[in-house]
K.L.:
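Below is a structure I'd like to ask you about.
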Amino acid sequence: MKFLIDNSALVFYHNGEMTRIEAWGADSFRVRSTMLRNFSGNDWALTEKIPHSEAQVSIEEEDHWVGDGTIDKKEIASITNGRLKAVVNFAGIITFYKDDQRILREYFRMYDGTLSRESRCLKVINREWKGIIGGTEYSLNLKFESNDGEKIFGMGQYQQPYLDLKGCTLELAQRNSQISVPFALSSLGYGFLWNNPAVGQVTFGKNYTEWTAKATKEMDYWITAGDTPKEILKNYTGVTGHADMFPEDLMGLWQCKLRYRTQDEVLTVARQYRKEGIQIDQIVIDFFHWTLQGDWKFDKKYWPDPKAMVEELHSMGIKVIVSIWPSVDRKSENFGPMMERGLLIRTERGAAQTYDYQGDCVEIDPFNPETRKYVWEICKKNYYDLGIDGFWLDNSEPDYGVYDFENYRYCDGPALEISNQYPQMYSRIFYDEMSKAGKGPVVNLLRCAWAGSQKYGNVVWSGDVPSTFEAFTDQLQCGLNMGIAGIPWWTTDIGGFMTDDVNDPDFRQLLIRWYQFAVYSPVLRMHGDRGPYNIPPLDDRDWGGGYLHTGQPNELWSYGEENYAIMKKYYDIRISMHNYIKKLYEEAHTNGSPLLRTMFYEFPEDEKCWELQDQYMFGDKYLVAPILHLNQFEREVYLPAGKWKLTSTGEICQGGCKVKVSAPIEYMPVFEKL
């Protein structure tokens, strides 16, 4: 073992591995390791400039008892940055301390001549590298000791009912409705970013925690310490970036369905909303308004004058966002030029195909700056220059026909090594250029994200999820953990995406409960694929905007007078909270606080709040208790200490206990903190 001090960083070499620990923000370290000669120089999610921190590094010898009872001298080293300290022993095992209390230690079970707990003959090491034959990448396995009683949150969005991720195995890969944002927050008062976009897995096991990368050139993680979740999120977003200030004129209702097929349909809906006295802030034009995937333009047969359409919508105070897919059909006018110039994803074997929905497609490679330039120039000409305000960047994982990551390659490397950053690079095609236009904050809608995506104008929605109460319950955990992972602009398809029959009373009950929840979430957005599919196509072509099916109407008035009255009442509630919601977005912008907050985020000193996953705080003022089951018309709610006002009746309740609350279909229990 060899220790060095390099510009206030601790560097050590062991068995061909070089490891570097350095201060990276307040009470934080960045830890990198490689089997190659040098580090790559990639900062990945750690994009922000941070003040230089002078860490204290010490290298010293200590007595080391060996198996024969004799004493040997071994070097150990430590580095301290504020409240966080890392100690490295003679075997290269790293232990982290917060205020001298151990919070994280690498897992090691190798006989080293001592009689310590880690000294066993299992031959399990803390950082295991295996070279990939024929390449410069390695697979990496990193293990940490598990802490009994610890709870883990964050990590992005996984379709499961668990808010506490302790005991869970999570795939580090992007899929439709699965979002890997690998930042974990611990109940022990630290945060941990796996700063590596490789496809892999993490298991927060009872016996140990294990992080794996299937192909990488280096280990890279960041760890921080704080007394509260709010302090930890502040540190995390300080090094990965903050969301911009969300525009006030998008804090109300967004209207969408699958799909508006013509500009007349869009204008008819907008005019009806105006007649009803309901202001929609944005209307969304969904997929297959185009001719072919990859043409990135309106089908003139059904959209003869989109510029005039946009101007009329703007006159009503409505912004317009259009769907863009990264898939390019072989029949598209752009396929040949993009394939020839190497602007599409490459396959390692077999045919050049990555996506097969409604066409034989290959998806774009946004890691290539030439791709980003090519796609933006087309979308600018065909959309942005017509007055379109934003882009719905769908299929942004990307949505592969088969998630065989071994078979795909980008210009910067194999998909196994960097694929988790794809949605972020895709979003930057538009964010980087729109930011230069100087029209105010960029707001685009995406189905996926990675660590740091909050700084690229991304409203992230939870994907194509079923229209069931079980899926609704999952979305609550998704939104809360996305917020903990630093993504504050988050939304869902109200009522779920996939509906068989809009006339089913059970679905309509779900729709109302979901809508009530959405009013108390960051973005209020109507969307969904509504069956039955009995609406005939507009023409018999097998391409263009007329042939593909559309869903049933999905406007507020589409579900009967009684449901319309409830949704309109909750729309009014949303509008009445405008100044409060603006304040929450300001907090997200300045310190990284999510709008949708776990109970423990606001009440970290209350142990019961660390157990709750069926209620949440909308900011610091409103405790929201969504109704997550069919035909449920009352529920229990835990109120932390203090006084709380039930918004339905004005009743004042004393906290520190559970209360039972009535929840007729017209009302979702919400308490205001006094």
Side-chain angles (χ1 to χ4, degrees), residues 157 177 179 243-257 273 278-286 317-323 389-394 396 427 431 440-449 453-465 472 475-476 478-483 485-497 511 514-528 554-556 567 570-571 573-589 593-597 616-619 622 624 626:
Q157 173 180 289
S177 78
I179 305 174
D244 208 334
M245 183 56 208
F246 198 78
E248 287 192 60
D249 55 4
L250 289 179
M251 294 179 186
L253 175 64
W254 295 22
Q255 177 58 46
C256 184
K257 64 162 283 186
Y273 267 110
I278 297 175
Q279 175 65 41
I280 55 174
D281 288 351
Q282 184 149 254
I283 196 161
V284 186
I285 298 171
D286 202 351
I318 302 171
K319 291 190 175 181
V320 189
I321 188 169
V322 297
S323 177
D389 300 287
F391 297 92
W392 181 1
L393 305 179
D394 207 344
S396 51
S427 74
Y431 175 83
V442 175
V443 179
N444 292 320
L445 184 62
L446 278 90
R447 200 171 69 184
C448 201
S453 284
Q454 66 272 6
K455 66 179 285 186
Y456 298 113
N458 296 174
V459 171
V460 183
W461 96 96
S462 63
D464 298 344
V465 300
F472 179 28
Q475 300 328 294
L476 178 54
C478 288
L480 292 172
N481 273 325
M482 281 286 277
I487 309 292
W489 298 5
W490 181 86
T491 184
T492 63
D493 294 346
I494 292 174
F497 179 70
L511 179 77
W514 207 311
Y515 182 90
Q516 291 167 337
F517 158 76
V519 165
Y520 290 89
S521 64
V523 175
L524 175 65
R525 184 178 62 92
M526 290 291 289
H527 185 56
N554 190 48
E555 292 71 48
L556 298 190
M567 288 193 281
Y570 270 84
Y571 166 84
I573 291 174
R574 177 76 181 195
I575 299 305
S576 72
M577 291 193 294
H578 178 87
N579 290 338
Y580 175 69
I581 293 171
K582 177 184 176 183
K583 181 191 79 122
L584 299 186
Y585 274 117
E586 287 173 346
E587 290 181 28
H589 172 55
S593 286
L595 285 76
L596 205 70
R597 302 177 184 176
Y616 66 96
M617 294 296 295
F618 185 51
Y622 293 108
V624 183

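The basis for the numbers below is simple: all heavy atoms, side chains too, and nothing from hydrogens, waters or symmetry mates. Residue numbers run from 1 in the order of the sequence given. Remember, predicted model here, so these are calculated numbers, not experimental data.
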K.L.:
Over all heavy atoms of both residues, which pair between Leu556 and Tyr273 is shortest? Give the atoms and the distance, please.
P.N.:
N-OH, 3.2 Å
K.L.:
Could you tell me whether Asp249 and Lys319 make a salt bridge, using a distance below 4.0 angstrom between a side-chain N and a carboxylate O?
P.N.:
yes
K.L.:
Once salt bridge (Lys or Arg N to Asp or Glu O under 4.0 Å) is applied, do any residues pair with Arg574, and if so which ones, sequence neighbours excluded?
P.N.:
none
K.L.:
Working to the nearest 0.5 angstrom, can you tell me the gap between Leu253 CG and Leu524 CG?
P.N.:
5.0 Å
K.L.:
Any side-chain heavy-atom pair from Gln279 and Ile318 closer than 4.5 angstrom?
P.N.:
yes
K.L.:
Heavy-atom distance under 4.5 Å between the side chains of His527 and Asp286, does that happen here?
P.N.:
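Yes, at least one pair of side-chain atoms sits under 4.5 Å.
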K.L.:
Taking all heavy atoms of Ser427 and all of Leu446, pick out the closest pair and write down the distance.
P.N.:
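Ser427 and Leu446 have their closest heavy atoms at CB-CD2, 3.6 Å.
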K.L.:
Hey, would you say the Tyr580 and Tyr622 ring centroids sit under 6.0 Å apart?
P.N.:
yes
K.L.:
Take Val465 and Thr492 through the side-chain contact (heavy atoms from CB on, under 4.5 Å) test and state the conclusion after the steps.
P.N.:
CA-CA 9 Å; Val465 300; Thr492 63; over 6 Å; no
K.L.:
For the pair Tyr515 and Tyr570, name the ring-plane relationship: parallel under 30°, tilted 30 to 60°, perpendicular over 60°.
P.N.:
perpendicular
K.L.:
Please determine if Arg447 and Asp464 form a salt bridge, counting it only when a charged side-chain N lies under 4.0 Å from a carboxylate O.
P.N.:
yes
K.L.:
Supply the atom-to-atom distance Leu584 CG to Asn579 CG, rounded to the nearest 0.5 angstrom.
P.N.:
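Reported value, rounded in 0.5 Å steps: 11.0 Å.
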K.L.:
Dump the intermediate steps for ring-ring contact (aromatic ring centres under 6.0 Å, His included) on Trp392 and Trp254, then the final yes or no.
P.N.:
CA-CA 12 Å; Trp392 181 1; Trp254 295 22; 9.6 Å; no
K.L.:
Do Val624 and Met617 pass the side-chain contact (heavy atoms from CB on, under 4.5 Å) test, and can you show the C-alpha distance, the side-chain angles, and the key distance before you say yes or no?
P.N.:
CA-CA 6 Å; Val624 183; Met617 294 296 295; over 6 Å; no
K.L.:
State plainly whether the residues Arg525 and Asp493 are in salt-bridge range, i.e. N to O under 4.0 Å.
P.N.:
yes
K.L.:
Any donor and acceptor pair, going by atom type alone, linking the side chain of Asn458 with main-chain N or O of Ala449 inside 3.5 Å?
P.N.:
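Pair absent, no side-chain N/O of Asn458 close to backbone of Ala449.
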K.L.:
State, to 0.1 Å, how close Ser396 and Cys448 come at their nearest heavy-atom pair, and which atoms those are.
P.N.:
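In terms of heavy atoms, the two residues are closest at OG-N, 3.2 Å.
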K.L.:
When rounded to the nearest 0.5 angstrom, what distance separates NZ in Lys257 from CD1 in Ile285?
P.N.:
13.0 Å
K.L.:
Kindly compute the distance separating CH2 (Trp490) from CG (Asn481), expressed to the nearest 0.5 Å.
P.N.:
10.5 Å
K.L.:
Does the side chain of Val523 reach to within under 4.5 Å of the side chain of Trp461, using non-hydrogen atoms?
P.N.:
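Contact flag for Val523/Trp461 side chains = no.
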K.L.:
Compare every heavy atom of Ile575 with every heavy atom of Gly252, then report the nearest pair and how far apart it is.
P.N.:
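That would be CA-CD1, 4.4 Å.
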K.L.:
Verify side chain to side chain donor-acceptor pair (under 3.5 Å) between Ser462 and Gln475, making sure each step is shown before the conclusion.
P.N.:
CA-CA 7 Å; Ser462 63; Gln475 300 328 294; 2.9 Å; yes
K.L.:
Given side chains that start at C-beta, do those of Tyr520 and Ile573 come closer than 4.5 Å, heavy atoms only?
P.N.:
yes
K.L.:
Is the shortest distance from a Lys or Arg side-chain nitrogen in Arg597 or Glu587 to a carboxylate oxygen in the other one below 4.0 Å?
P.N.:
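Judged by the 4.0 Å cut-off on N to carboxylate O distance, Arg597 and Glu587 do form a salt bridge.
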K.L.:
Testing the basics here: between Pro522 and Pro488, what is the closest heavy-atom pair and its distance to 0.1 Å?
P.N.:
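Residues Pro522 and Pro488, closest heavy atoms: CG-O, 3.5 Å.
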K.L.:
How many angstroms lie between CD1 in Ile321 and CG in Asn444, if you round to the nearest 0.5 Å?
P.N.:
6.0 Å
K.L.:
Mind checking what makes side chain to side chain donor-acceptor pair (under 3.5 Å) contact with Trp489, not counting sequence neighbours?
P.N.:
none
K.L.:
Verify side-chain contact (heavy atoms from CB on, under 4.5 Å) between His578 and Met251, making sure each step is shown before the conclusion.
P.N.:
CA-CA 7 Å; His578 178 87; Met251 294 179 186; 4.0 Å; yes
K.L.:
Can you tell me how far apart OG1 (Thr491) and CG (Leu595) are? Round to the nearest 0.5 Å.
P.N.:
11.5 Å
K.L.:
Give the minimum heavy-atom separation between Met245 and Tyr585, together with the two atoms involved.
P.N.:
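Closest approach of Met245 to Tyr585, heavy atoms only: CE-CB, 3.7 Å.
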K.L.:
Assess whether side-chain contact (heavy atoms from CB on, under 4.5 Å) is satisfied between Phe517 and Tyr616, documenting all intermediate values.
P.N.:
CA-CA 10 Å; Phe517 158 76; Tyr616 66 96; 3.3 Å; yes
K.L.:
I'd like to check the side chain to side chain donor-acceptor pair (under 3.5 Å) partners of Ser453; sequence neighbours left out, ordered by chain and number.
P.N.:
Gln424
